[in-house]
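Read the structure below first, then the notes.
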Amino acid sequence: MIEIVSRGRCIACDKCVEVCPTGVFDHGPDGVPLIARQSDCQTCFMCEAYCPADALFVAPRAHPLPEPPDEADLAERGLLGSYRRQIGWGHGRTPGALLAVGPPLPDAGGAVPAASPADVIIS
Amino acid sequence: MTELDLTADVLVAGGGPAGAWAAIKAAEAGADVILVDKGYLGTSGATAAAGTGVWYVRPEPAARERAMASREGLGGYLADREWMARVLDQTYANMNELAEVSRYPFPVGEDGAQIRRGLQGPEYMRRMRVRARRAGVRILDHSPVTELLVDPDGAVAGAAGHRRRHDRAYRVRAGAVVLATGGCAFLSKALGCDVNTGDGALFAAEAGAEMSGMEFSNAYAIAPEFTSVTKTAFYSYATFYHEDGSVLEGAGSTRGRSVIARALLSERVFCRIDRADEEVRRAMRLAQPNFFLPFDRQGIDPFAELFPVTLLAEGTVRGTGGIRLTGFDCSTSVPGLYAAGDAATREPICGGFTGGGSHNAAWAMSSGTWAGQAAARHARALGAGSARRPARGAGGAGLRPSAGARQPYREVVEAVQREVLPYEKNYLRHGARLAPALAALDQIWAQARRALHADGAEVARARSAAAMAAHARWMYASALTRTESRGMHKREDFPRQDPGQHYRIVSGGLDEVWTAPEPGLISVAAAS
Ligand SMILES: Cc1cc2nc3c(=O)[nH]c(=O)nc-3n(C[C@H](O)[C@H](O)[C@H](O)COP(=O)(O)OP(=O)(O)OC[C@H]3O[C@@H](n4cnc5c(N)ncnc54)[C@H](O)[C@@H]3O)c2cc1C
Ligand code: SF4
Ligand code: SF4
């Protein structure tokens, strides 16, 4: 679930408020969005993908953490903005889609298909 | 505040891939189009968050034949060759448009050609939004539809809803409506699926449409315990374990998933992706970065360490049941109403099984295209005044309670979840468990019909709760009717496929749910 809107990093662009599919954020009085409905968060990571300032952190847990994680620690571990970086969004980055060639996968029946090394079945 | 009152030729409800393609193709056919989404066109729905492999097959007869034959058995021979051929053609065309019109950055293979068999969700849907805007589609985000509008003859004439960010009701009167609201995953928190509560199916039923294939609604996907990331493809490289580290025999991501479900009833199940070599691991990271988010963020090395897994319900998102279609144009039995994507039945191309990728995405873009084009034709044929017809709201449960009392939507949501999420009820099906669950759901519905109610922006939540209740009843009524195992519908009390039940099952009704076999419609190459 969404756990952090970094006051230090946020540039108050409203993108997360706009794109969150479940309407988790409200505009904050000073421009920094508020996590107004955390329990509606569906842990989809989309707000992170759109945040230009790497100011958001979505914990992979589908329920709130007892306490929000430590922002400095996340930054140190390279986790702030990591999803956006991996999909190659942001100025000067290569779109992740361009590199998205997965490993060969068995079909649904369990047999590994021959001669389809470049299959990109994403499931 | 007064209601926002708009008109259009075509209204599209839902902005996942099905709705986006519908809106674009209707606009390209000359229609004035409004698209409304519960969330945001670009991020909302299963595709945007998850990404999809796509059933993209070159138009070579042998390759097409193989593609069509590969799933027929798994789907219980309920798919239809003519539909499959059309979807393969349309998907091929749309994927090529994505490359050429939307300049989607497909990866390039060793032969220098683009590999067009997969789409990353955020990238795909961001580009679909841009294209919809360019085509002149008016987009209303954060504006869930709450009911259809019907004219005095019973034809669909628009929809009404609520703008969440403005706390303002709206209505759009239109010549035709496309329902592309996705499937129903019962708020299980599967990746990107909490917007998918089966709303379109409820709206369609209230206007008089039927469902088909609702017994094929028990998709459960693997996720690391306590997380949302139900991306399952890479578990084909995994081994599953008991807590003591011994192998859970028979467990697997495709055929052995029910073994995992059964084990989860009494113990925790662990997993390690230990059959992937270095090269495969690298490819996995590039192909699906979101698969690794739970691991990287919790400090787990999924290739080396055991981690606990769970199964999350994805209902009809990766099941195949939905609104019954009456033609290749994705029309329904209600004039002016079209359905596309997961909201519609996917039996025409999948029969009773999907899950492991590709067909759903192909279906969303193909059915969206046809529904949009047909809706534009329908609106044009009705003529200029069609959007100004007198129209009334068709909605019932959660909107117009029949008694005065007030039941909060959360109560209904939790009651429905208790009947549909447990593995022993929905996944590991048995008549002795399905029948009491259906009886409980009938009670839940009756109570909700009388008392479920909400105000303002909460109306959409009440309607979602009602839609989940309706969905669950069609599911279990159909599951009880199909006294055999076929496709993903497996009955412990009827473990075999019965050649005498080689037909689809249609269902419908709200206060009284009914089911009926639909024989004789399937053109298959192979017999069951
Ligand atoms: C984790 C995961 C992985 C998947 N992988 C694959 C794969 O590899 N290959 C494949 O083919 N398929 C895959 N699928 C299935 C695929 O994502 C869906 O079939 C596809 O998204 C369906 O598209 P859609 O447009 O019908 O629905 P969605 O993409 O779910 O979009 C539905 C839209 O309708 C909106 N909506 C809902 N209710 C309302 C309302 N009342 N009013 C207005 N709008 C509303 C929602 O906000 C949403 O934007 C996967 C699904 C999941 C969950
Ligand atoms: S993770 Fe998804 S649902 Fe949660 S706040 Fe971000 S965009 Fe919204
Ligand atoms: S998207 Fe990022 S920078 Fe923009 S308002 Fe949200 S948190 Fe702040």
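The structure displayed is predicted, hence computed values, not measured ones. Letters go in sequence order (proteins before strands), and every chain restarts at 1.
Of all heavy-atom pairs between A:C44 and B:A49, the closest is CB-CB, 3.9 Å. For the pair B:M284 and A:P103, the tightest heavy-atom approach, listed with the atom from each and the gap, is CG-CG, 3.7 Å.
Interface residue B:F226: backbone and side-chain heavy atoms are both found under 4.5 Å from chain A. At a 4.5 Å heavy-atom cutoff, A:C47 makes no contact with chain B through either its backbone or its side chain. With a 4.5 Å cut-off on non-hydrogen atoms, A:F45 touches chain B through its side chain but not through its backbone.
A donor-acceptor contact closer than 3.5 angstrom is absent between the side chains of B:R285 and A:Q86. B:R297 and A:S82 form a side-chain donor-acceptor contact under 3.5 Å, judged by distance and modelled atom types alone.
Here B:E123 does not pair with A:R84 in a salt bridge; the nearest charged N to carboxylate O distance is not below 4.0 Å.
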Begin with the C-alpha distance, continue with both residues' side-chain angles, and end with the deciding distance and a verdict on side chain to side chain contact (heavy atoms under 4.5 Å, CB included) for B:T227 and A:T43. CA-CA 8 Å; B:T227 80; A:T43 320; over 6 Å; no

Is there a side chain to side chain contact (heavy atoms under 4.5 Å, CB included) between A:L105 and B:Y237 once you walk through the steps? CA-CA 9 Å; A:L105 292 171; B:Y237 286 92; 3.9 Å; yes

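Of all residues in residues 17-30 of chain A, those placing a non-hydrogen atom less than 4.5 angstrom from a non-hydrogen atom of chain B are A:V17, A:E18, A:V19, A:C20, A:P21, A:T22, A:G23, A:F25, A:D26, A:H27.
A distance-only check finds a donor-acceptor pair linking the side chain of B:K189 to the backbone of A:C41 [under 3.5 Å].
Chain A forms more heavy-atom pairs under 4.5 Å with one residue of B:R126, B:R116, B:Q114 than with any other, namely B:R126.
Summarising the local packing, CZ of B:R410 is surrounded by 12 or fewer heavy atoms from other residues, nucleotides or ligands at distances under 6.0 Å.
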